[in-house]
Amino acid sequence: ASQELSPDGWTFLPEIRQPLASVENPWFCLLGALLAPIRVLLAFIVLFLLWPFAWLQVAGLTEEQLQEPITGWRKTVCHNGVLGLSRLLFFLLGFLRIRVRGQRASCLQAPVLVAAPHSTFFDPIVLLPCDLPKVVSRAENLSVPVIGALLRFNQAILVSRHDPASRRRVVEEVRRRATSGGKWPQVLFFPEGTCSNKKALLKFKPGAFIAGVPVQPVLIRYPNSLDTTSWAWRGPGVLKVLWLTASQPCSIVDVEFLPVYHPSLEESRDPTLYANNVQRVMAQALGIPATECEFVGSLPVIVVGRLKVALEPQLWELRRVLRKAGLSPGCVDAGAEPGRSRMISQEEFARQLQLSDPQTVAGAFSYFQQDANGLVDFRDVALALAALDGNRSLEELTCLAFELFAEEQTEGPTRLLYRDGFSTILHLLLGSPRPAAVTLHAELCQAGSCQGLSLCQFQDFSLRDPLHEKLFSTYLRPSQIPNASSPGSPTARANGTVQAPKQKGD
């Protein structure tokens with residue numbers, strides 16, 4: 001997905017889904033039927049043969065000993081065994097050639113390697129020409145058979161998404177290894193943090209750049225006539241990608257080492273600036289755009305002005321679900337009480353929206369945030385239906401949003417919109433991640449002495465700022481809410497084409 005700014009500053013994004021390559025050729029299907037089962041079976045056998053070597057390297061070592069790089073016979077025997085079997089594994093899956101360009105820097109020259117674009121679960125093949133550098137992985141992967149053993153063998157840096165303190169420990173460990181003066185092997189990062197379809201670089205996360213040491217960019221390309229490797233948002237699933245790739249007679253991977261990037265003093269102090277500059281260097285070398293698009297969980301978001309918004313808000317998907325059920329949002333009597341929460345169950349939700357099909361009810365209900373008891377705030381439903389109705393102007397819609405979520409003051413008649421209500425509005429209407437919306441609310445409130453926003457301040461932000469006004473107009477005007485494939489969507493406008501969206505899970 002590329003980011004191009006038009007003269008008025010509006011952000012355009014092309015398609016970031018991965019369209020599945022056409023595989024209707026009968027010859028390809030015949031090869032798949034013959035090659036894929038044999039290749040996949042042999043690859044799994046080799047994968048399990050890796051386990052003894054991985055186990056042997058760390059067997060009998062204490063946690064304290066594992067805090068230092070492994071040396072001696074364990075390093076020689078196990079490292080070479082895993083390296084050789086890993087190359088055989090990828091060879092059996094059809095990756096017959098790994099073409100290397102450029103020169104890999106030493107640990108002293110570049111303690112950190114950053115690889116991009118990250119487009120598939122086959123990307124760990126880049127570890128082979130890098131001589132199996134250390135990686136960063138989720139702590140939950142330790143419980144996965146074979147994969148957990150390989151992570152222990154690798155002495156990977158583990159991060160837990162459920163432990164906030166884990167991220168701080170990871171930062172400290174990365175800095176410790178990166179500044180060890182060549183004692184530790186290099187650490188490899190995929191700074192995008194998730195997979196895309198190779199048409200652009202997603203925003204780089206700053207983790208690889210926190211230590212402020214030189215990094216070496218590593219480019220990954222799959223120059224095959226048929227793209228079967230990409231595993232991206234709403235693209236084909238793991239099994240289909242694995243099967244189609246194993247069906248190819250020969251897959252080629254190009255790994256290119258760019259010159260070492262030495263940070264300036266300012267970059268070494270600012271990891272985000274450092275990450276952005278390295279991203280631009282790599283994008284230029286790849287001949288693709290560098291974007292501000294990133295994933296928050298499984299949700300792709302873009303940055304527009306001071307806002308983070310979903311590439312495709314769930315509001316649009318809810319509109320399609322309700323339209324398919326033959327429901328017009330304007331025919332529903334919302335009846336939500338301004339400023340007061342009323343929690344409803346799925347059954348009451350179905351009665352209120354006059355829905356009878358259980359699958360449609362469950363699908364529509366899932367678009368709203370539920371509490372611990374599985375209930376949703378009916379104000380959320382009322383605002384979503386109002387946004388999907390075609391009878392309100394933007395000013396009326398933002399006024400309704402304020403009335404629903406603003407709270408009465410203990411002194412005086414003024415009502416203010418606090419951070420919870422503000423984040424709920426932006427999440428419902430624009431798909432903004434709640435933490436980002438809370439941060440933005442705090443910034444908007446800094447100008448005044450209050451902890452909340454008045455109606456005037458809220459509409460100044462949403463409707464009178466030229467960039468945000470165009471954003472709200474595009475996302476919220478009920479009569480103009482585009483389908484993902486319509487000419488009005490950011491995706492289609494940037495591509496210059498109209499394509500039907502793939503209905504595929506993340």
Side-chain angles (χ1 to χ4, degrees), residues 1-14 203 272 291-294 296 299-316 318-319 380 383-384 386-390 392-406 415-448 450-482 484 486 488-494:
S2 70
Q3 181 186 52
E4 301 171 2
L5 296 181
S6 61
D8 61 3
W10 177 242
T11 305
F12 293 90
L13 289 170
K203 182 179 178 63
T272 301
T291 77
E292 289 290 319
C293 184
E294 60 181 318
V296 177
L299 180 69
V301 300
I302 57 175
V303 178
V304 180
R306 300 165 71 182
L307 272 171
K308 283 187 177 180
V309 298
L311 188 64
E312 289 187 8
Q314 289 186 326
L315 185 68
W316 297 356
L318 177 63
R319 179 174 183 258
D380 297 6
L383 180 58
L388 297 175
D389 185 15
R392 285 183 173 86
S393 66
L394 277 178
E395 188 169 354
E396 291 172 333
L397 190 59
T398 53
C399 185
L400 173 65
F402 182 88
E403 290 298 321
L404 286 173
F405 292 97
R415 304 181 72 228
L416 295 178
L417 185 62
Y418 292 103
R419 66 178 190 178
D420 289 343
F422 181 79
S423 62
T424 298
I425 292 172
L426 294 192
H427 181 72
L428 278 172
L429 302 183
L430 304 179
S432 297
R434 291 180 185 272
V438 168
T439 301
L440 177 59
H441 181 271
E443 293 176 1
L444 293 174
C445 290
Q446 281 181 351
C450 296
Q451 296 299 312
L453 301 175
S454 66
L455 175 60
C456 182
Q457 289 173 314
F458 177 61
Q459 291 191 326
D460 282 344
F461 157 77
S462 57
L463 300 182
R464 299 183 182 102
D465 180 283
L467 187 58
H468 294 157
E469 188 277 332
K470 195 155 192 176
L471 173 69
F472 274 78
S473 177
T474 301
Y475 275 58
L476 300 186
R477 280 197 186 277
S479 61
Q480 298 177 13
I481 290 181
S486 71
S489 71
T491 296
R493 283 183 298 181

message: Centroid separation under 6.0 Å, is that true for the rings of F422 and F461?
response: yes
field: Backbone of E395 reached by a side-chain donor or acceptor of Q459 within 3.5 Å
entry: yes
Over all atoms of both residues, closest heavy-atom pair of S423 and V438: CB-CG2, 4.1 Å
- prompt: side chain to side chain contact (heavy atoms under 4.5 Å, CB included) between C293 and V301: does it pass, once the steps are laid out?
  reply: CA-CA 6 Å; C293 184; V301 300; over 6 Å; no
message: Any side-chain to backbone donor/acceptor pair from R415 onto E403? Under 3.5 Å, distance only.
response: yes
query: Side chains of L426 and V309: closer than 4.5 Å at any heavy-atom pair?
result: no
task: Measure the NZ-CG distance between K470 and L463 for me, rounded to the nearest 0.5 Å.
output: 15.0 Å
message: Is there a side chain to side chain contact (heavy atoms under 4.5 Å, CB included) between F405 and D420? Walk through the geometry before answering.
response: CA-CA 8 Å; F405 292 97; D420 289 343; over 6 Å; no
field: Point-to-point distance, once rounded to the nearest 0.5 Å, from CG of L307 to CG of L440
entry: 5.5 Å
message: Test your reading of the model: is there a side-chain donor-acceptor pair from Y475 to the backbone of A310, 3.5 Å cut-off?
response: yes
- prompt: H441 side chain to G452 main-chain N or O, any donor-acceptor pair under 3.5 Å?
  reply: no
query: Is any side-chain N of the basic residue among E292 and K308 closer than 4.0 Å to the acidic one's carboxylate O?
result: no
field: Separation between OG of S462 and CG of L394, rounded to the nearest 0.5 Å
entry: 8.5 Å
- request: Check L429 against A387 and note the closest heavy-atom contact, atom names and distance.
  value: CD2-CB, 3.8 Å
- prompt: Can you list the steps and then say if S393 with E396 is a side chain to side chain contact (heavy atoms under 4.5 Å, CB included)?
  reply: CA-CA 5 Å; S393 66; E396 291 172 333; 3.3 Å; yes
Side-chain touch L444/F458, heavy atoms, less than 4.5 angstrom: no
query: In Å, rounded to the nearest 0.5 Å, how long is the span from SG of C445 to CG of L453?
result: 4.0 Å
query: side chain to side chain contact (heavy atoms under 4.5 Å, CB included) between L404 and I425: does it pass, once the steps are laid out?
result: CA-CA 10 Å; L404 286 173; I425 292 172; over 6 Å; no
field: salt bridge (Lys or Arg N to Asp or Glu O under 4.0 Å) partners of D460, counting only residues at least two apart
entry: R464
- prompt: Got a second to check how far L471's CG is from S432's OG, nearest 0.5 Å?
  reply: 7.5 Å
- prompt: Between atom OG1 of T398 and atom CG of L383, what is the distance when rounded to the nearest 0.5 Å?
  reply: 10.0 Å
message: Quick one: does any side-chain atom of S473 pair with a main-chain N or O of E469 as donor and acceptor, under 3.5 Å?
response: no
- prompt: Does a donor on one side chain and an acceptor on the other come within less than 3.5 Å for R434 and T424?
  reply: yes
